[in-house]
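Scroll down for the structure; my scribbles are underneath it.
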Amino acid sequence: MRKIILLTVLLLNCTVNMMAQEDLDAKYGAELLKPGTEAPDFTLRALLGEKLELSKMRGGYVVLDFWASWCGDCRKDMPAMSALSRTYFDKGVQFVGVSFDTDSAAWYKCATDVYKLVGTQVSELKKWKETQVSKDYHINWIPTLYLLDPDGKVDLATVDEAKLEKRLQQLDADGTLARYRLQMPQFKGGLDAFVKFMQNNVKYPEATEKAGLQGCVIVGFVVTKDGLLQDIHVERFQPIDPQKALTGNMTVATREAQMRKCVNTLEMEAMRVVGKMPKWESGIRNGKAVSVHFNVPVTFRLR
């Protein structure tokens, strides 16, 4: 009798736990976009200042994690999500954290020190309910997770990290992820050829060199299916020891104006060099050449 009672209690506990898990998704995820729905596009500021456009990530699987640094449940799931991103990033899955933080410092600190997602972190830096992305994706609870398929449609929407993990395991086991894994484009001849090209072509603008400004220009572009470079643009400029540049007896306004002028010359030189590059070897996905957004650093450093 005692064993029967004990077994009954265990079964009841199991049932209650399963119902609680189901109720959580049913209660907080009932209004999420349904599988097969086209995921709304968005362009948001990433952690280092560049812009991320969701529609440009099509062609492979993408995970969206809606979270905030002040969210206790989000922090509880961060170790598991970080581990998932490490495992599946190498299998071609792209991860995007969409934060509802309003404080950029808090967002940056949590993303880099605690979350450590292998992917891209973006935010509108607006209150949760005021963000367009929360409205578009019907976010009533965080963390909320979406898995988007290569066509940009919802494959899974859930508030349960375990369900996302299970779905990724299925896609990996049946070979689907392998088919959509992206082989990144590369400079013909590989890294050594790329370095040689940059050394032979990058010219330090004389006025900027004299001013002592050093920095790294991140240049973005699209490598087309034919290996051509299109949409060449500057994604950001990262100064190196800016306090050592433009020293001398000048007003703050004058220094800032000169700094902007110098940065502009470095950016123009970086884009000029990238524009001179020969055809690249195109990216490959599912055995076919595809267009891929890429970026390269062009560094200007005084010897």
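This is a predicted model, so every value here is computed, not measured.
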Open item on the list: Could you check whether K279 pairs with D226 (Lys NZ or Arg NE/NH1/NH2 to Asp/Glu carboxylate O, under 4.0 Å)?
Closed with: no
Task: Any side-chain heavy-atom pair of W70 and W128 under 4.5 Å - done: yes
Open item on the list: Is any side-chain heavy atom of M81 closer than 4.5 Å to one of L84?
Closed with: yes
Open item on the list: Is it true that, when you exclude F194 itself, more than 12 heavy atoms of the residues, nucleotides or ligands shown sit nearer than 6.0 Å to its CZ?
Closed with: yes
Open item on the list: Side chains of Q170 and D174: any donor to acceptor distance under 3.5 Å?
Closed with: no
Open item on the list: Can you confirm whether the side chains of S291 and T224 place a donor and an acceptor under 3.5 Å from each other?
Closed with: no
TODO: Would you kindly say whether S123 and D101 are connected by a side-chain donor-acceptor distance under 3.5 Å?
DONE: no
Open item on the list: Less than 3.5 Å apart, any donor N or O on the side chain of E235 or H293 sitting next to an acceptor on the other?
Closed with: yes
Task: Test item: V274 and L229 side chains (from C-beta on) under 4.5 Å apart, heavy atoms - done: yes
TODO: Verify whether one side chain among S82 and S85 offers a donor that lies under 3.5 Å from an acceptor in the other.
DONE: no
Open item on the list: Quick check: do M184 and F294 have side-chain heavy atoms less than 4.5 Å from each other?
Closed with: yes
Open item on the list: Within the structure provided, determine whether S99 and E124 are in side-chain contact (heavy-atom separation under 4.5 Å).
Closed with: no
Open item on the list: Ignoring hydrogens and geometry beyond distance, is a side-chain donor-acceptor pair present between Q121 and W67 at under 3.5 Å?
Closed with: yes
Open item on the list: Regarding K109 and D113, does a basic nitrogen lie under 4.0 Å from an acidic carboxylate oxygen?
Closed with: yes
Open item on the list: Ring-plane angle category for F66 and F100, please: parallel below 30°, perpendicular beyond 60°, tilted otherwise.
Closed with: parallel
- [ ] Compare all side-chain heavy atoms of V122 with those of R45 and state whether any distance is below 4.5 angstrom.
- [x] no
- [ ] Using only heavy-atom distances, determine whether the side chains of D65 and Y115 contain a donor-acceptor pair under 3.5 Å.
- [x] yes
Open item on the list: Taking E38 first and then R58, would you say they form a salt bridge - that is, a charged N and a carboxylate O separated by under 4.0 Å?
Closed with: yes
TODO: Please confirm whether the backbone N or O of L147 pairs with a side-chain atom of D155, one donor and one acceptor, at under 3.5 Å?
DONE: no
Open item on the list: For G215, is there any backbone N or O sitting under 3.5 Å from a side-chain donor or acceptor partner on R301?
Closed with: no
Task: Any donor-acceptor N or O pair under 3.5 Å, side chains T158, D160 - done: no
Task: Check: E31 and W141 side chains under 4.5 Å, non-hydrogen atoms - done: no
